[in-house]
Amino acid sequence: MALSEKSNEEISKLLAKYDIKHGPIVDTTRKLYEKKLEKVMKSAPVQSSPDKTYYREEAEEITYITYHQSSPVQAVYSDMLKRRGNVEPDEAKESDQGTEPPIQSTNRAANHSTIRSGELVRKSGGWSLWKVIRLLLLLAVLAAFLYYSYCRLNDIENPFAIQ
Amino acid sequence: MSSTSQKHRDFVAEPMGEKPVMALAGIGEVLGKRLEEKGFDKAYVVLGQFLVLKKDEELFRDWLKDTCGANVKQQGDCYGCLKEWCDAFL
């Protein structure tokens, strides 16, 4: 895939890719642009190198999340998470709605580790992962409490078998 | 910018018409001959190349160096000359 074998259009595209302002690729100009491209390609081997570091950060974030998700946050809740991560939630717990997207995306990030979900991971990572986990815990407790009181209301004795 | 030569001032004073390539500042006999051999026998042909390179200094300098072996000063003189001519007449 030598530069000299590429068509004029391909050279033009490469120049645009490296943000090199250029004129028409004609016989007299072609060699100059090939030289320029070689120089640029040597100094910056992959145009997306900043993206690479970006991805590495995400990889760290992803592994961080998987570690914490596997640790016993709450046995019930993590089960719920796993189920919800794979299947769309039918039962809608009101308080959970707001935070569900981040959970799902972080779970997916753990499973698939794609860049897109990694972006969301990164956003939540910026917001401090611990805050997210604490908030989820709080919501879980609240949800349990609401369910308990709802059952009490409907006269179901001891929904959690709490004496 | 350094003071311009008489040749430069003469060139940018009027439309180049059919002036030979050696009328360009920085292009003497030796370089002029090399350019003519490559087909750039008139100043306007070099102007054409200058314009096709979108008046880019770096590219034009490289091209001049590759085509006729001009040194840095000669490249600069020729580029400046053509640029000023374009500013005035193009």
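Chain A is the first sequence line, chain B the second, and so forth, proteins listed ahead of strands; every chain is numbered from 1.
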**Message:** Through direct or indirect side-chain contacts below 4.5 angstrom among Ile, Leu, Val, Met, Phe, Trp and Tyr, which residues connect to B/V52?
**Reply:** A/V26
**Message:** Membership question, hydrophobic clusters at under 4.5 Å side-chain separation (ILVMFWY): are B/L90 and B/V12 in the same one?
**Reply:** yes
**Request:** Flag yes if more than 12 heavy atoms outside B/F89 fall under 6.0 Å of its CZ atom; otherwise flag no.
**Result:** yes
**Message:** Assigning hydrophobic clusters by single linkage (Ile, Leu, Val, Met, Phe, Trp, Tyr; side-chain heavy-atom cutoff under 4.5 Å), is B/I27 placed with B/V30?
**Reply:** no
**Complete:** Across all chains, not counting sequence neighbours, the side-chain contact (heavy atoms from CB on, under 4.5 Å) partners of B/P20 are B/A23
**Request:** Could you tell me which non-hydrogen atom of A/L32 sits nearest to which non-hydrogen atom of B/L53, and how far apart they are?
**Result:** CD1-CD2, 3.8 Å
**Message:** Starting from A/L138, can I reach A/Y147 by hopping between I/L/V/M/F/W/Y residues whose side chains sit under 4.5 Å apart?
**Reply:** no
Pull every donor-acceptor pair under 3.5 angstrom between chain A and chain B and give the atom names with distances.
from	atom 1	to	atom 2	distance (Å)
A/T28	OG1	B/Q49	OE1	2.8
A/K35	NZ	B/D66	OD1	3.0
A/K35	NZ	B/D66	OD2	2.6

